[in-house]
Protein chains: 2
Amino acid sequence: MARRSPERLTIADVAEKAGVSLSTVSRVMNGSTTVDAALTQRVREAAVTLGYTASPLARSLVLGKTQTVAVIVPDLGNPTFQGALRGLSTGAAGENYHVLVADSFEDPSKEAELAREARRRSDGIVLCAPRMTDDELNELLPQISPAVVINRTPTSARVPVVAADYRSGFAQLLAHVKDLGHRKLLFLSGAEGSASNRDRLAAVDAFRAANPNIEISVLTGSVNFADGYASADDVIASDATAVLAFNDLVAMGLLGALTARGVDVPGEVSITGFDDIQFAQYTTPPLTTAAVPTPELGAQAWARMWDLLNGRQPAYNLAFGPLVVPRGSTGRPPKTGDDPHPAAT
Amino acid sequence: MARRSPERLTIADVAEKAGVSLSTVSRVMNGSTTVDAALTQRVREAAVTLGYTASPLARSLVLGKTQTVAVIVPDLGNPTFQGALRGLSTGAAGENYHVLVADSFEDPSKEAELAREARRRSDGIVLCAPRMTDDELNELLPQISPAVVINRTPTSARVPVVAADYRSGFAQLLAHVKDLGHRKLLFLSGAEGSASNRDRLAAVDAFRAANPNIEISVLTGSVNFADGYASADDVIASDATAVLAFNDLVAMGLLGALTARGVDVPGEVSITGFDDIQFAQYTTPPLTTAAVPTPELGAQAWARMWDLLNGRQPAYNLAFGPLVVPRGSTGRPPKTGDDPHPAAT
DNA sequence: CCACCGTGAGAAAACGCTTTCTCATACAAT
DNA sequence: ATTGTATGAGAAAGCGTTTTCTCACGGTGG
């Protein structure tokens with residue numbers, strides 16, 4: 001709240017100074033035409049010399065809108081959500097909207113309450129809650145409407161969705177390593193029950209069905225650097241020739257650990273990430289990954305929120321098809337005797 | 001604002017259901033002891049069955065506080081501010097405070113107005129405004145009090161400051177490359193007038209005075225990847241053997257460009273960054289840099305804001321002395337005939 | 001010349017809460 | 001029995017706006 005020591009400036013002060021009633025000042029400030037030109041002028045001057053601006057709080061209370069949207073993210077440290085936040089913030093700023101941000105710290109049990117509370121302080125919610133259950137989500141969404149959901153599609157609630165198509169992106173990555181000749185794959189999957197993880201697993205299942213001769217094992221629970229780093233031993237123990245990490249963070253952690261152990265990438269093991277965060281191109285070797293335009297995700301989320309706020313039918317749901325960016329971390333598998341399908345040289 | 005379609009639930013509804021007056025409900029909700037136990041119970045039950053929670057807006061208006069702090073950052077895409085935002089958000093969440101975030105897009109002319117507007121919607125401002133002039137800052141700070149400033153020290157206004165000591169950090173980096181034997185240095189400086197850039201320049205000046213035999217040239221205006229990448233030609237044209245980039249982003253961009261041109265790092269040119277962002281250790285070669293604990297910066301900023309909000313004397317100002325993390329991107333300079341002080345082999 | 005109407009400005013209600021003020025009740029003290 | 005004092009609850013006054021309602025004024029038409 002603004003300082004109250006120098007007696008907060010109120011609309012009454014302006015009215016007094018201009019010699020008119022409160023109502024007239026309000027009318028002038030809100031651009032009502034039904035005010036005499038001379039009075040308008042007087043009020044304007046009074047407001048300027050006093051340095052008056054209406055209290056957003058009082059306006060919000062009577063107008064029933066806060067000029068604010070809230071974003072719920074599971075982890076502010078995650079580049080994906082940073083990108084989305086940035087895109088959203090840019091869009092909101094363009095319409096003079098403010099952004100309230102809340103970090104749920106990957107705790108699905110907090111997300112709903114966080115969202116409800118944030119909703120009361122804002123005009124709408126942009127929700128990134130990959131780990132919340134479908135039931136919770138379906139129950140929550142009607143309560144916090146208007147809402148826009150990022151990176152998952154609620155089963156029942158009708159709500160605008162902006163997402164990266166993790167399934168198709170992951171399918172492309174699988175095809176990429178298959179084309180390179182890998183026949184023994186390992187997927188370092190993310191958090192159990194995370195929506196985008198389910199999408200990746202769906203791609204794995206489809207791939208398995210289509211390629212019975214290719215073996216894919218799954219190791220679960222890797223979402224960040226440390227997890228990737230810690231998985232190195234398991235990766236080595238499996239004798240997979242290609243490891244598909246849940247995301248770039250995991251891939252980079254794994255890459256670091258493997259390099260430290262003297263494992264050659266991609267000579268002995270190929271690694272892929274996901275997201276194409278700004279830094280993926282600077283690893284050693286540069287990381288093959290699937291590119292997700294996160295700021296655009298945020299921008300599109302804002303576009304839909306803006307439609308909603310203006311009572312318009314929001315634009316179509318959107319799924320960005322990630323593009324595979326082949327870089328140095330993937331290559332042909334090492335030639336070993338037990339390769340059932342040796343690549344033609 | 002919450003939905004008004006299903007007739008927003010108000011304190012009057014609870015009062016009616018419990019058969020008491022509004023005042024009593026309010027007293028119960030705010031933990032006043034002067035309410036009969038039986039009534040308290042009735043009110044509690046009514047509130048729960050109705051699912052009532054007081055409107056934060058109305059409370060804010062009458063209480064004069066919003067339970068919200070605002071952060072102004074110059075660029076949400078910059079890892080330094082992301083880290084600070086994260087640390088701050090964590091601290092605020094711990095006290096049930098909310099965080100409003102505004103991105104000034106590196107535009108100093110917007111920062112002041114952004115801060116003033118944000119201040120009116122919050123109880124305090126955490127300001128990262130490295131490029132605002134001292135005069136503007138000194139004028140602004142009293143208007144938005146309580147405020148905490150990150151990464152610069154206002155000349156006149158008395159305000160808590162939490163900062164990384166860029167000068168000492170940069171001095172250490174200079175010493176590091178000097179010790180390696182470099183005698184011809186290049187500083188890719190940041191935005192003219194940025195506070196943390198001035199600090200680095202101060203370190204350069206002191207270093208020059210102390211080491212007249214070492215040549216340091218300065219190239220100005222690099223703050224991100226692209227700038228670093230674009231500076232490659234200038235870097236090659238200067239025949240410096242060590243380049244100190246403004247920050248890790250610039251260093252990584254430069255590194256990428258030099259690698260692409262076939263320049264050996266650190267064989268031909270050594271490179272240092274600044275900040276030690278999470279990704280600096282994954283470049284090729286890993287980046288020598290000075291580590292700044294950005295989340296801690298945010299956490300400490302919150303601690304001071306919290307003191308301020310509670311009318312306490314805020315904790316001492318804090319300057320984190322960054323630590324040099326020597327990695328692969330720096331090494332001994334190449335031996336050339338014109339080296340006046342060839343390193344002993 | 002009077003009734004009527006449009007124009008524009010002030011008074012007052014509303015937004016949903018907190019808190020002070022006021023008052024009724026009950027109990028202890030004289 | 002009567003005054004005094006806790007105790008606890010309701011009435012009402014804000015907090016700073018917007019907006020509806022009301023009304024005064026001056027000009028037009030009959």
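All values below come from the heavy atoms of this structure, side chains included, with hydrogens, waters and symmetry mates left out. Nothing here was measured: the structure is a model prediction, and the numbers come from that model. The sequence lines fix the lettering, A, B, ..., with proteins before strands; numbering per chain opens at 1.
Side-chain atoms of B:T24 do not come within 3.5 Å of backbone N or O of B:V20 as any donor-acceptor pair. In this structure, the side chain of B:N138 does not engage the main chain of B:D135 through any donor-acceptor pair within 3.5 Å.
Candidate nucleotides D:dG14, D:dT17, C:dA9 were compared by shortest atom distance to the side chain of A:A58, and D:dT17 ranks first. Of the listed nucleotides (D:dT17, C:dC17, D:dT19), D:dT19 has the atom at the smallest distance from the side chain of A:L63. Distances from the side chain of A:A54 to the nucleotides D:dT17, C:dC17, C:dG10 place D:dT17 closest. Residue B:S23 has its side chain nearest to D:dG10 when only D:dG10, C:dG16, C:dC15 are considered. Checking C:dG10, D:dG14, D:dA9 against every side-chain atom of B:D36, the shortest atom distance belongs to D:dA9. Among the nucleotides C:dT18, D:dT18, D:dT17, the one closest to any side-chain atom of A:Y52 is D:dT17.
Residues from residues 41-49 of chain A placing a heavy atom under 4.0 Å of any atom in DNA chain D do not occur.
Checked by atom type, the side-chain pair B:Q300/B:R304 shows a donor-acceptor distance below 3.5 Å.
Sparse packing is recorded around CD of A:E16, with 12 or fewer heavy atoms of other residues, nucleotides or ligands lying under 6.0 Å away.
Contact of the B:L318 side chain with the B:V161 side chain is not registered, since no non-hydrogen atoms from C-beta on lie closer than 4.5 Å.
Using a 4.0 Å heavy-atom cutoff across all strands shown, B:L22 reaches no nucleic acid atom at all.
Residue A:R59 contributes atom CZ, which lies 11 Å from atom C1' of D:dG16 at whole-angstrom precision.
Remark: A:T10 is in phosphate contact with D:dT17, judged by side-chain N or O atoms under 4.0 Å from OP1 or OP2.
Across the helix from C:dC1-D:dG30 to C:dT30-D:dA1, the helix axis at one end is tilted relative to the axis at the other end by 70° (nearest 10 degrees, each axis from five pairs).
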> What string of B, S and - do you get for nucleotides 21-27 of chain C, 5' to 3', when a contact is any protein heavy atom under 4.0 Å?
Replying inline: -------
